[in-house]
K.L.:
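Got a structure for you, questions after.
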Number of protein chains: 2
Amino acid sequence: MPAFVQSPSGGAQLLDRAVILLDLVADGGVEGLSLKDLAARSGLNTATCHRILNTLVGHKLLARDNQKRRYRLGARMAIYGVRAARGPGIISRCEVALSRLRRRTGDTTHLMACFNHDSVCLDRRDGECIVPTLTGSIGGFVPLGVGPGSIAMLAFLDEDEQDYIIRANLGRYVSYRNLTEDKVRQLIADTRRRGYAVDVGELIPGIAGVGMPIMTPGEKPGAALSFTLLCAKLGPGVLEHYGALLKEEIDAIVGQ
Amino acid sequence: MPAFVQSPSGGAQLLDRAVILLDLVADGGVEGLSLKDLAARSGLNTATCHRILNTLVGHKLLARDNQKRRYRLGARMAIYGVRAARGPGIISRCEVALSRLRRRTGDTTHLMACFNHDSVCLDRRDGECIVPTLTGSIGGFVPLGVGPGSIAMLAFLDEDEQDYIIRANLGRYVSYRNLTEDKVRQLIADTRRRGYAVDVGELIPGIAGVGMPIMTPGEKPGAALSFTLLCAKLGPGVLEHYGALLKEEIDAIVGQ
DNA sequence: CATAGAATCTCACATTATGAAAAAAGAGCT
DNA sequence: AGCTCTTTTTTCATAATGTGAGATTCTATG
């Protein structure tokens with residue numbers, strides 16, 4: 001596992017390991033993961049894994065399906081989640097921006113966050129037209145590299161981290177229209193030059209998107225704002241206008 | 001700290017401690033908590049506390065306001081939260097029930113969960129009339145013992161745990177209308193007898209509520225469903241009808 | 001009802017976490 | 001600015017905590 005994925009922290013090995021497991025379970029989808037899966041993927045000894053998982057279940061950070069003996073996220077996570085969403089975190093800070101962007105354009109807006117190899121939808125405002133999105137509703141996700149919000153974040157990571165993620169996601173790109181490794185790298189280059197990511201009907205015919213990362217100085221991008229709209233709405237200068245709107249809101253958010 | 005609050009788990013002291021800290025921060029509100037606060041409240045040594053907090057911040061389970069040096073829930077929690085809400089957890093399992101109850105009555109419905117000494121709103125469907133609620137929207141909370149959903153959960157905890165929570169919350173009850181320790185105990189007794197909790201205009205004039213716990217056999221109640229409605233809608237048999245509706249949905253949820 | 005595969009438990013061992021104490025960084029006050 | 005008090009951060013010797021190989025128990029499946 002490369003250095004940037006998991007930074008070992010001084011004197012808390014057990015916690016580091018617990019977080020690895022939490023991440024794996026969070027990524028594990030609805031079906032959940034078995035002890036064996038988790039031990040294999042984390043690289044931890046089965047016994048150690050078991051002990052940590054049991055503890056996490058005890059605290060309801062994880063839950064276990066006793067029938068199938070699989071682990072999934074627990075009730076306490078749901079509670080922490082709603083609490084985190086209320087506090088001064090990223091979701092609250094972007095609430096107004098999301099709503100205002102939607103109001104000023106009439107289009108669907110998303111707040112996406114980086115999570116492992118994925119881009120997760122943290123919040124969303126639906127536009128006047130129902131547009132199909134890859135992400136779906138809150139909690140939905142796509143591989144990093146798929147879609148404008150997702151590309152926007154990927155583009156501003158360190159190059160070695162980018163490479164690592166792209167390579168990890170290669171197998172998943174094939175299930176999207178027109179997406180190859182080269183294409184992703186091209187999109188990243190375009191995005192870095194332009195400052196925002198654009199997709200005009202490439203992933204979903206007739207659907208366009210514009211995305212820009214939320215960059216706190218000195219940190220790698222953790223989140224992005226994006227628009228999804230009908231290609232039919234596009235005319236000269238429209239993409240630039242959307243880019244400018246995003247920039248305005250993100251500057252305000254970062255400035256706080 | 002009494003046994004039922006934190007069950008020490010075999011061979012993972014550090015994790016237990018981390019969860020204590022996470023809980024404290026989650027409870028700490030929007031302003032966040034300082035190292036000193038956390039060390040005092042958790043009873044942990046300052047250095048130990050510091051080390052654990054740093055690690056949690058490193059993993060973005062917590063975030064730190066560098067200006068004010070205070071800790072609050074981090075971005076990763078928000079992500080875990082939306083993931084947990086999507087999986088087969090309590091929120092998903094109650095989604096349909098919440099919507100159906102709202103549809104069948106036209107009233108506001110809540111999904112509440114037990115968290116430390118509080119009852120937290122995990123999900124909500126707004127009714128036809130806008131009614132004021134103590135809980136507010138998702139993520140909002142009230143002390144356990146305040147409001148029908150909250151009483152419903154409190155009523156079915158073990159007696160010693162009930163006592164402990166009531167005593168811990170005593171100071172907070174005074175800020176609610178007509179609420180005293182005796183009143184809470186009376187409501188608990190009524191709720192146990194009846195199977196569901198009722199409030200008719202006592203906490204907020206003109207606003208009534210009905211709540212019932214979601215009881216998985218062999219476990220203490222972790223969540224409750226509740227209605228909030230205008231007292232004006234009440235007539236003979238209405239409360240019983242609402243109780244029956246709740247029972248029907250909860251039986252279905254538990255039966256899954 | 002065997003059998004393999006997975007989960008759980010045990011325990012000797014040493015790595016990891018602990019916390020007292022010292023150092024550093026802020027916050028107030030005059 | 002200078003001084004004092006408070007809070008945060010770092011250090012390091014010590015031992016308690018977590019580790020993981022292996023034994024045991026459980027469970028699904030042919």
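Letters A, B, ... are given to chains in the order of the sequence lines, protein chains preceding strands, and every chain is numbered from 1.
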K.L.:
So, B/Asp65 versus B/Tyr71: side-chain donor-acceptor pair below 3.5 Å or not?
P.N.:
no

K.L.:
Is B/Arg17 near enough to C/dT18 that one of its side-chain N or O atoms lies under 4.0 angstrom from OP1 or OP2?
P.N.:
yes

K.L.:
Do B/Asp23 and A/His59 have side-chain N/O donor and acceptor atoms under 3.5 Å apart?
P.N.:
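No, A/His59 and B/Asp23 have no side-chain donor paired with an acceptor closer than 3.5 Å.
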
K.L.:
B/Leu53 has an atom CG; how far is it from atom P of C/dG19, in whole Å?
P.N.:
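About 14 Å, once rounded to whole Å.
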
K.L.:
Could you go over nucleotides 7-10 of chain D and give all protein N or O partners under 3.5 Å, atom names and distances?
P.N.:
| unit_1 | atom_1 | unit_2 | atom_2 | d |
| --- | --- | --- | --- | --- |
| D/dT7 | OP1 | B/Lys36 | NZ | 3.1 |
| D/dT7 | OP2 | B/Lys36 | NZ | 3.3 |
| D/dT8 | OP1 | B/Leu35 | N | 3.4 |
| D/dT8 | OP2 | B/Lys36 | N | 2.9 |
| D/dT9 | OP1 | B/Arg64 | NH1 | 2.8 |
| D/dT9 | OP2 | B/His50 | NE2 | 2.9 |
| D/dT9 | OP2 | B/Arg64 | NH1 | 3.4 |
| D/dT9 | O5' | B/His50 | NE2 | 3.2 |

K.L.:
Tell me the interatomic distance from A/Ile52, atom CD1, to C/dT16, atom C1', rounded to whole angstroms.
P.N.:
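Interatomic distance, CD1 of A/Ile52 to C1' of C/dT16: 13 Å.
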
K.L.:
I want to check one thing: is the phosphate of C/dA7, taken as OP1 and OP2, less than 4.0 Å away from some side-chain N or O of A/Arg70?
P.N.:
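Indeed not, no polar side-chain atom of A/Arg70 lies that close.
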
K.L.:
Could you give the CG-to-C1' distance, from B/Leu14 to C/dA17, as a whole number of Å?
P.N.:
7 Å

K.L.:
Given B/Ser150, which partner from the list B/Leu144, B/Asn169, B/Asp118 fulfils the side-chain contact (heavy atoms from CB on, under 4.5 Å) test?
P.N.:
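When B/Leu144, B/Asn169, B/Asp118 are each tested with B/Ser150, the side-chain contact (heavy atoms from CB on, under 4.5 Å) holds only for B/Leu144.
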
K.L.:
B/Leu44 CG to C/dT18 P: how many Å, rounded?
P.N.:
8 Å

K.L.:
Considering only NZ, NE, NH1 and NH2 on the basic side and carboxylate oxygens on the acidic side, decide whether B/Glu31 and B/Arg72 come within less than 4.0 Å.
P.N.:
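So B/Glu31 does not pair with B/Arg72 through a salt bridge.
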
K.L.:
Answer whether the closest heavy-atom distance between the side chains of A/Tyr173 and A/Ile166 falls below 4.5 Å.
P.N.:
yes

K.L.:
Between D/dT19 atom C1' and A/Asp16 atom CG, what is the distance in whole Å?
P.N.:
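In whole Å, D/dT19 C1' and A/Asp16 CG are 15 Å from each other.
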
K.L.:
Rounded to the nearest angstrom, tell me the gap between atom CD in B/Gln13 and atom P in D/dA15.
P.N.:
16 Å

K.L.:
Please give, in whole Å, the distance from D/dA28 P to A/Asp65 CG?
P.N.:
11 Å

K.L.:
Indicate every side-chain donor-acceptor pair of residues 133-142 of chain A with a distance under 3.5 Å to a residue at least two apart or in another chain.
P.N.:
| unit_1 | atom_1 | unit_2 | atom_2 | d |
| --- | --- | --- | --- | --- |
| A/Thr133 | OG1 | A/Arg124 | NH1 | 3.1 |
| A/Thr133 | OG1 | A/Gly136 | N | 3.2 |
| A/Ser137 | OG | B/Arg86 | NH2 | 3.1 |

K.L.:
What integer distance in Å separates A/Asn45:CG from D/dG18:C1'?
P.N.:
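Distance check: A/Asn45 CG to D/dG18 C1' gives 11 Å.
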
